[in-house]
Number of protein chains: 2
Amino acid sequence: MFRGRYAHAIDGKGRVSIPSKFREVLNGRGQNTLMLTNDLWDPCLVAFPLDRWLEEEKKIQALPDLVREVRVYKRHFISGAQECSIDRQGRILIPPSLREFAQLNREALFVGLGDKFEIWSTDLWQPRPEDPEAILRVLQQYL
Amino acid sequence: MFRGRYAHAIDGKGRVSIPSKFREVLNGRGQNTLMLTNDLWDPCLVAFPLDRWLEEEKKIQALPDLVREVRVYKRHFISGAQECSIDRQGRILIPPSLREFAQLNREALFVGLGDKFEIWSTDLWQPRPEDPEAILRVLQQYL
DNA sequence: GATAAAGTGGGAAAAAGTGGGGAAGTTTGG
DNA sequence: CCAAACTTCCCCACTTTTTCCCACTTTATC
């Protein structure tokens with residue numbers, strides 16, 4: 001499980017170290033690649049272990065192409081994804097298109113979400129939810 | 001599987017490099033040609049590996065000619081298709097009619113969609129879906 | 001404080017992408 | 001029917017990006 005938040009520097013070549021805690025999780029599953037994709041709602045990236053991504057992808061591929069919204073969604077979701085391999089120093093190279101999307105310049109914030117994690121530009125990350133009340137209201141429907 | 005987005009320059013002769021990741025996929029299937037056609041709903045091109053195209057074509061051929069919309073669909077879809085071979089540098093020459101259709105001038109954006117991919121003029125591509133709310137509503141019906 | 005682990009930076013080789021020359025083949029116009 | 005103009009294709013050369021490797025600094029651990 002990916003937990004916690006870690007800030008790491010992005011070097012001149014666009015590389016970032018994966019937090020060692022996250023790396024352990026991946027190694028535990030015998031994986032040394034990540035599927036990296038842009039989030040659709042917020043300016044951040046989402047990182048999946050490969051197997052986890054394939055599940056997700058399968059679900060989405062199955063949706064009907066004839067529905068316009070589905071097509072747009074697929075287009076953005078699938079095309080956002082790029083496989084990144086982890087180098088011997090435990091880093092990934094963030095593909096330029098994704099780097100640009102999430103405005104990752106100097107520092108990346110790794111945000112654990114359990115089965116996946118997000119990568120934010122430290123500058124864009126908000127330490128607290130902007131509207132905690134709204135969250136409460138919605139959560140009441142589910143919990 | 002075609003994934004990711006890659007922007008490549010179009011040179012004076014109308015050639016573009018196919019992203020190496022996409023080329024790998026094609027090589028894996030032992031193919032060095034693409035079937036290129038214009039999309040019907042958006043100003044972009046759609047590229048199929050040959051075998052994938054043949055399936056698609058078969059499906060469409062089977063539709064009933066007696067329905068007006070089907071005829072129009074066939075007319076545009078089938079007649080738009082052109083086979084493009086990949087040269088030794090990993091490029092294709094985009095046929096003028098298609099180039100014009102998708103307004104491909106200076107830069108082409110390759111958009112991976114899994115079993116096929118799209119080619120957009122970078123100028124026309126929208127980094128985010130225009131109506132995320134609508135997409136959410138539709139997705140909720142299916143997921 | 002010593003040792004190990006994690007994170008950071010950069011150099012060099014390989015791969016990917018880009019641009020252009022020129023031969024072969026097509027089209028256009030006299 | 002022939003020549004000029006253009007397009008397509010194949011080749012080579014250059015630039016940029018990516019990958020792989022080594023080394024250094026900082027942080028954590030005992």
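In what follows, chains carry the letters A, B, and so on, assigned in the order in which the sequence lines appear, proteins first and then strands, with residues in each chain numbered from 1. Model, not experiment: these values are computed from the prediction. As a basis for the values below, the full set of heavy atoms in this structure was taken, side chains included, without hydrogen atoms, waters or symmetry mates.
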Open item on the list: Without decimals, in angstroms, what is the distance between A/E83 CD and D/dT18 P?
Closed with: 16 Å
Task: A/I94 side chain reached by A/L104 side chain, heavy atoms, under 4.5 Å - done: yes
Task: B/L36 versus B/A47, closest heavy-atom pair with distance - done: CD1-CB, 3.4 Å
- [ ] Could you list where the contact with chain B starts and ends along DNA chain C, reading 5' to 3', using a 4.0 Å heavy-atom cut-off?
- [x] C/dA16 to C/dG22
Task: Length of the line joining A/D87:CG and D/dT18:P, which is rounded to integer Å - done: 14 Å
Task: Check: A/Q82 and A/T37 side chains under 4.5 Å, non-hydrogen atoms - done: no
Open item on the list: Taking the side chain as everything from C-beta on, heavy atoms only, tell me whether B/F101 gets closer than 4.5 Å to B/C44.
Closed with: no
TODO: Mind listing the residues from residues 8-25 of chain A sitting with a heavy atom below 4.0 Å of DNA chain C? Number order is fine.
DONE: A/H8, A/A9, A/D11, A/K13, A/R15, A/S17, A/I18, A/P19, A/S20, A/R23
Task: Of B/E24, B/R5, B/H8, the residue whose pairing with B/P19 passes side-chain contact (heavy atoms from CB on, under 4.5 Å) - done: B/H8
- [ ] Working to the nearest 0.5 Å, report the span between CG of A/L26 and CZ of A/F117.
- [x] 6.5 Å
TODO: Give me the residues of residues 89-108 of chain A where at least one heavy atom lies under 4.0 Å from an atom of DNA chain D, by number, or none.
DONE: A/Q89, A/R91, A/L93, A/P96
- [ ] Would you kindly give the CZ-to-C1' distance between A/R88 and D/dT18, to the nearest whole Å?
- [x] 16 Å
Task: Sidechain-backbone polar pair: B/D11 side chain, B/K13 backbone, donor-acceptor under 3.5 Å - done: yes
- [ ] Give the intermediate values and the outcome of side-chain contact (heavy atoms from CB on, under 4.5 Å) for residues B/I60 and B/K74.
- [x] CA-CA 7 Å; B/I60 288 159; B/K74 279 193 187 180; 3.8 Å; yes
Task: Side-chain touch A/W53/A/K116, heavy atoms, less than 4.5 angstrom - done: no
Task: Heavy-atom check, side chain of A/L109 versus side chain of A/Y6, under 4.5 Å - done: no
